Amino acid sequence: MDYEAIIIGGGPGGYVAAIRMGQLGLKTALVEKERVGGVCLNRGCIPTKALYAATGLIERAGKAGDFGIDFPRPKIDLPRLIAWKDGIVARLVTGVEKLLAANGVTLIKAEAEPLGSGKVSLSSGDEITGERIVLALGSAPVEIPGFSFSAPIVWSSTDALNPDSIPEQLVVIGGGVIGLELATVYSRLGTAVTVLELMDEILPGLDIDRRAIARVKAGLKAAGIDIRTGTAAAGYEKDGEVAVVKTKEGERFRADRILLAVGRRPNSAGLAELGIELDRRGFVMVDENLATSVPGIYAIGDLTPGPMLAHKASAEGVKLAARFAKEDYPLDYDKIPQAIFTSPELASVGLSEKRAKEEGYEILVGRFPYAGLGKALGMNEPDGFFQIVADAKTKRILGAQIVGAEASDLISEAAVAVQNGLTLEAIADPVHPHPTLPEGLKEAAENALGRAIHAVNR
Ligand code: NAI
């Protein structure tokens, strides 16, 4: 055998698995047909967050009048903005390649086709053999009838991250995570954005309590984004250079670009022919050791069921490497945090209040508003709140949700608590520095215990 492990796909699942396997002394090859980093690094999380941060400055400058600081209308040099974003991606790609090399991983730039247990053929014409094959093939955006990515006016998230101009009117189809994150970015760039969401509420697939969703929706609407829930996009007609998007309900929306963000599907085409069992949505079925139904073939990341998140893929990569080295790495899928980069940000971990009740827990709920934090007021970010849900009997923290400025960073303290089975006291008692935003989580934990200092405890 050429390798102890061959990993196909160099995204945050595959490259992390490869680095960890290298660290653990396994002779490892990573096969990737494009640049390493996958969707997340090249055309997903990272470029989105670069644009989110850059355009956040426009939003903050727009609100700076409240401080008595007035900025003129910003001039946006789109090629420079895109080049800056591309520079960040390139830097990270180079970094990943160096880390692979430093950990003894052989990076093979080719398209790979698994031929069953032990064998992989490469687009270069070579064939390589490995004791174990790891599929980390990722996912791709789906189309719906009436909309095809082959039409230049219909954007995928990849197109939206590489615009040649800023559209005047953008219709976003899908009020899920991708749709709302890019709606936020384009609205800040001055585009009139309309979001069409099929279901009764935005972000319908997530376990987030209504009041947090309502807060996000209010923020997006206040920024001028037109959100139409219960609205199914049915097709579009071209009207010269622009399109008119039609809905099942009979409405029409003009758009110079249409962003289709109605979900992603696993890149599992052809795997069933190898005997690999898929579920009815096309996800690869794996056991608790991430093994597929074919001996010696494993799968991780967006290819397997569970949240389509980069950090879920990475965690599965680490878990698999540990497994190959006969070590243990616990991974509880119900405790994987999520951060959504809208304005305001939304982040969560563990159970919502609703789900905790459905699961039969008697619960304690603590909340604390951003408006109660001196730091948040000084930042001119008074909107939002922290929420902690705990088991009333044991005081163990079951979940947390944060909506407001920097929620994506603030959730990590709660994630550590939830994943380690910590109690409310573990967050309420330790001294937190003042004045900072994480004090909000401490106060929410204190509030759940009936003893927040800066809120009336009810
Ligand atoms: P999604 O599943 O989050 O949202 C798709 C939305 O489109 C749903 O709300 C659905 O009801 C709606 N929809 C479907 N057909 C429609 C129609 N005909 N008209 C109007 N609305 C329609 O999928 P999305 O946003 O494409 O994201 C894909 C995956 O990537 C998700 O699992 C997401 O969690 C993940 N992701 C996570 C990020 C984060 O955590 N920050 C960032 C980007 C993606």
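In this text the structure is predicted, and so the values were computed from the model without any measurement.
- Contact of the I8 side chain with the V134 side chain is not registered, since no non-hydrogen atoms from C-beta on lie closer than 4.5 Å.
- Here the side chains of L206 and I340 are in contact, with some heavy-atom distance below 4.5 Å.
- Atom NZ of K335 sits in a crowded spot, with more than 12 heavy atoms from other residues, nucleotides or ligands closer than 6.0 Å.
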Begin with the C-alpha distance, continue with both residues' side-chain angles, and end with the deciding distance and a verdict on side-chain hydrogen bond (donor to acceptor under 3.5 Å, both in side chains) for N289 and K319. CA-CA 8 Å; N289 295 320; K319 181 182 166 79; 5.6 Å; no
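- Between the side chain of N420 and the main chain of L422, no donor-acceptor pair closer than 3.5 Å is present.
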Under 3.5 Å, which donor-acceptor pairs do the side chains of residues 75-83 form with other protein atoms, sequence neighbours left out?
unit_1: D77; atom_1: OD1; unit_2: R80; atom_2: N; d: 3.4
unit_1: D77; atom_1: OD2; unit_2: R80; atom_2: NH1; d: 3.2

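- Expressed to the nearest 0.5 Å, how far CD1 of I133 lies from CD1 of I128 amounts to 8.0 Å.
- Every residue meeting the side-chain contact (heavy atoms from CB on, under 4.5 Å) condition with E237, not counting sequence neighbours, appears here in chain and number order: K246, R252.
- Between K109 and E97, the shortest heavy-atom contact is NZ-OE2, 3.0 Å.
- Taken to the nearest 0.5 Å, the CZ atom of R188 stands 8.5 Å off from the CZ atom of R60.
- Within the model, atoms CG of D86 and CD1 of I46 stand 13.0 Å from one another, a figure rounded to the nearest 0.5 Å.
- Considering only heavy atoms from C-beta on, Q169 stays 4.5 Å or farther from T191 through its side chain.
- Counting non-hydrogen atoms of neighbouring residues, nucleotides and ligands closer than 6.0 angstrom, the CZ atom of F324 exceeds 12 such neighbours.
- Between the T292 side chain and the I297 main chain, a donor and an acceptor come within less than 3.5 Å of each other.
- N103 is listed as a side-chain neighbour of I19, based on a closest heavy-atom distance under 4.5 Å.
- In this structure the side chain of L137 never reaches within 4.5 angstrom of the side chain of S268, judged on heavy atoms.
- Residue Q419 comes nearest to P337 through the heavy atom pair NE2-CD, 3.5 Å, listed as atom of the first residue, atom of the second, then distance.
- Remark: the backbone N or O of G301 is paired with a side-chain donor or acceptor of K312 at under 3.5 angstrom.
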CA sep, side-chain torsions, deciding dist, call: R43, N162, side chain to side chain contact (heavy atoms under 4.5 Å, CB included): CA-CA 9 Å; R43 46 185 187 279; N162 294 293; 5.6 Å; no
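- For P344, the side-chain contact (heavy atoms from CB on, under 4.5 Å) partners two or more places apart in sequence, or in a different chain, are V403.
- Considering T194, T247, V195 as possible partners of T231, the one that fulfils the side chain to side chain contact (heavy atoms under 4.5 Å, CB included) test is T247.
- A donor-acceptor distance shorter than 3.5 angstrom exists from the side chain of T28 to the backbone of L26, with no hydrogens or angles considered.
- Figure legend: K27 and Y3 shown as a cation-pi pair, the cationic atom lying under 6.0 angstrom from the six-membered ring centre and within 45 degrees of its axis.
- Formation of a donor-acceptor pair under 3.5 Å by the N42 side chain with backbone atoms of V89 is not found in this model.
- The nearest pair of heavy atoms linking Y15 to G10 is CD2-O, 3.6 Å.
- Every residue two or more places apart in sequence or in another chain that forms a side-chain contact (heavy atoms from CB on, under 4.5 Å) with D383 is listed here: R215.
- Residues V31 and L122 are in side-chain contact: their nearest non-hydrogen atoms beyond the backbone lie under 4.5 Å apart.
- Screening residues 202-247 for ring-ring contact (aromatic ring centres under 6.0 Å, His included), with sequence neighbours left out, gives F147-Y236.
- Listed by first and then second residue, the side-chain hydrogen bond (donor to acceptor under 3.5 Å, both in side chains) pairs involving residues 129-147 are D2-T129, S139-R264, S139-D302 (not counting sequence neighbours).
- Among all heavy-atom pairs drawn from S117 and V294, the shortest one is OG-CG1, 3.5 Å.
- Y298 contributes atom OH, which lies 8.0 Å from atom CZ of R323 (distance to the nearest 0.5 angstrom).
- For V142, the side-chain contact (heavy atoms from CB on, under 4.5 Å) partners are V262, R265, not counting sequence neighbours.
- Contact detail for I300 and A136: the closest heavy-atom pair is CG1-CB, 3.8 Å.
- For D226, the side-chain hydrogen bond (donor to acceptor under 3.5 Å, both in side chains) test picks out R228, with sequence neighbours left out.
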List the atom pairs, with distances to 0.1 Å, where a side-chain N or O of residues 347-355 and a protein N or O form a donor-acceptor pair under 3.5 Å, not counting sequence neighbours.
unit_1: S352; atom_1: OG; unit_2: D207; atom_2: OD1; d: 2.5
unit_1: S352; atom_1: OG; unit_2: D207; atom_2: OD2; d: 3.4
unit_1: S352; atom_1: OG; unit_2: R355; atom_2: N; d: 3.0
unit_1: E353; atom_1: OE1; unit_2: R367; atom_2: NH2; d: 2.7
unit_1: E353; atom_1: OE2; unit_2: K357; atom_2: NZ; d: 3.4
unit_1: K354; atom_1: NZ; unit_2: E358; atom_2: OE2; d: 3.3
unit_1: R355; atom_1: NE; unit_2: E359; atom_2: OE2; d: 3.0
unit_1: R355; atom_1: NH2; unit_2: E359; atom_2: OE2; d: 3.0

Considering only distance and modelled atom types, tabulate donor-acceptor pairs under 3.5 Å from the side chains of residues 405-415, sequence neighbours left out.
unit_1: S408; atom_1: OG; unit_2: E345; atom_2: OE1; d: 2.6
unit_1: E413; atom_1: OE2; unit_2: H432; atom_2: NE2; d: 2.7

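- No side-chain donor-acceptor contact under 3.5 Å links D256 to the backbone of P167.
- One distance of note links OG1 of T48 with CG of L161; it measures 4.5 Å at 0.5 Å rounding.
- Across all their heavy atoms, A50 and I88 have their closest contact at CB-CD1, 4.0 Å.
- Side-chain atoms of S314 come within 3.5 Å of backbone N or O of P12 as a donor-acceptor pair.
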How far apart are the C-alpha atoms of D209 and Q387, what are their side-chain angles, what is the distance that settles it, and do they pass the side-chain hydrogen bond (donor to acceptor under 3.5 Å, both in side chains) test? CA-CA 10 Å; D209 288 311; Q387 171 179 299; 2.8 Å; yes
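- Contact of the L260 side chain with the S156 side chain is not registered, since no non-hydrogen atoms from C-beta on lie closer than 4.5 Å.
- Two residues are said to be in side-chain contact when any heavy atoms from C-beta on lie closer than 4.5 Å; L30 and T106 fail this criterion.
- With V193 as reference, V172 is the one residue of V172, I227, L259 to meet the side chain to side chain contact (heavy atoms under 4.5 Å, CB included) rule.
- Taking CD from E381 and OG from S343, the interatomic distance works out to 7.0 Å, rounded to the nearest 0.5 Å.
- Between the side chain of D239 and the backbone N or O of A243 there is no donor-acceptor pair closer than 3.5 Å.
- Side-chain N or O atoms of E249 include none that pairs as donor or acceptor with a backbone N or O of E251 at under 3.5 Å.
- Under the ring pair (Phe, Tyr, Trp, His ring centres under 6.0 Å) criterion, Y52 pairs with F341, sequence neighbours left out.
- Not counting sequence neighbours, R257 has no partner by the side-chain hydrogen bond (donor to acceptor under 3.5 Å, both in side chains) test.
- The aromatic rings of W155 and Y186 sit tilted relative to each other, their planes meeting at an angle between 30° and 60°.
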